Amino acid sequence: MNTLSAAVTALSLLSFTIGIATASAREPVDLDLGPAMVRMAELEIDPAQLDAYKTILAEEQEASVRSEPGVIMLHSVAIAEDPTKIRLLEVYASKSAYQSHIRSPHFLKYKTSTEKMVRSLRLVDMTPILLCAKSTSAPAGNAACLSSLK
């Protein structure tokens, strides 16, 4: 993974569990990653269709996180110097949760709707080590971490 992808991954991981921390203030929540599947998708989007792509992507991500229990988080970011280069950080509870996700109606709609917008796609499987984030909906200091170190 190049330095830029590593930086995007690190920044995305910092906020992946927004809302998951429910412990008392200043007390971390530690959860076992178990068989979690983490993937980085590196896309390049046709510049003329970038706004339409982002609208469709946002709809798909929100539906996936809201309706699929196995989707732990989905984050999308654009490279600052080239906003047509999109990076998606995906964390699933398991490989079977991922398989279920790619068969979901909202994901299939996303794939067919964006097929001609995507100039390139590279999927990079990642090995999770520790994924931590502060909760923005809880008192300062609340955090949640998913770990493969147990």
Side-chain angles (χ1 to χ4, degrees), residues 1-22 28-47 49-137 142-150:
M1 172 172 31
N2 66 35
T3 304
L4 186 55
S5 289
V8 169
T9 300
L11 291 173
S12 296
L13 290 174
L14 285 175
S15 63
F16 93 97
T17 59
I18 292 173
I20 199 173
T22 57
V29 176
D30 292 314
L31 306 168
D32 188 352
L33 271 171
M37 178 181 167
V38 179
R39 171 171 280 167
M40 174 74 71
E42 300 175 342
L43 298 97
E44 186 170 353
I45 308 303
D46 175 3
Q49 300 184 70
L50 184 58
D51 288 339
Y53 173 82
K54 290 192 296 188
T55 298
I56 295 166
L57 174 64
E59 180 182 299
E60 189 279 330
Q61 281 187 250
E62 189 279 328
S64 296
V65 172
R66 179 179 34 79
S67 67
E68 295 181 58
V71 176
I72 295 173
M73 65 117 252
L74 299 171
H75 283 258
S76 54
V77 295
I79 294 177
E81 297 83 26
D82 186 351
T84 66
K85 293 184 178 171
I86 306 289
R87 300 298 181 258
L88 308 176
L89 179 64
E90 309 170 28
V91 180
Y92 304 95
S94 64
K95 185 125 180 142
S96 63
Y98 169 74
Q99 294 297 327
S100 178
H101 168 69
I102 62 174
R103 290 189 304 269
S104 68
H106 45 269
F107 179 80
L108 294 172
K109 178 183 174 189
Y110 158 80
K111 284 300 276 188
T112 58
S113 299
T114 62
E115 186 175 33
K116 294 185 175 153
M117 299 175 179
V118 177
R119 289 186 168 174
S120 67
L121 168 64
R122 179 174 176 249
L123 300 175
V124 182
D125 288 327
M126 313 296 270
T127 301
I129 298 169
L130 183 66
L131 311 177
C132 292
K134 289 183 183 177
S135 172
T136 59
S137 63
N142 264 7
C145 294
L146 299 179
S147 175
S148 64
L149 302 173
K150 300 188 185 219

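For reference, positions follow the sequence shown, starting with 1. Every value quoted in this text rests on a predicted model; they were computed, and no experiment measured them.
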query = Is Ser113 reaching over with its side chain to a backbone N or O of Tyr110, donor-acceptor style, under 3.5 angstrom?
reply = no
query = Where the side chain of Ser100 meets the backbone of Ser96, is there a donor-acceptor pair that is under 3.5 Å apart?
reply = no
message = Looking at every non-hydrogen atom in both residues, tell me the closest pair between Ala78 and Ile86 and how far apart they are.
response = CB-CD1, 3.9 Å
query = Shortest non-hydrogen contact from Pro128 to Ala36?
reply = CG-O, 4.5 Å
Can you confirm whether [X] sits close enough to [Y] that some side-chain heavy atom of one is under 4.5 Å from a side-chain heavy atom of the other?
X      : Y      : answer
Tyr92  : Ile72  : no
Glu60  : Lys109 : no
Thr114 : Gln49  : no
Val91  : Met126 : no

Output all residues satisfying side-chain contact (heavy atoms from CB on, under 4.5 Å) with [X], sequence neighbours left out; order by chain, then residue number.
X      : answer
Gln99  : Lys95, Ile102, Arg103
Leu121 : Ala41, Leu43, Lys111, Val118, Leu123
Asp82  : Thr84, Lys85
Ser104 : Glu68, His101, His106, Phe107

query = Among Leu88, Leu57, Val65, which residue meets the side-chain contact (heavy atoms from CB on, under 4.5 Å) test with Leu74?
reply = Val65
query = side-chain hydrogen bond (donor to acceptor under 3.5 Å, both in side chains) with Asp51: which residues, sequence neighbours excluded?
reply = none
inquiry  = Please enumerate all residues that pass salt bridge (charged side-chain N to carboxylate O under 4.0 Å, His left out) together with Glu44, with sequence neighbours excluded.
reply    = none
key: Nearest-0.5 Å distance that lies between atom CD in Gln61 and atom CD in Glu90   = 8.5 Å
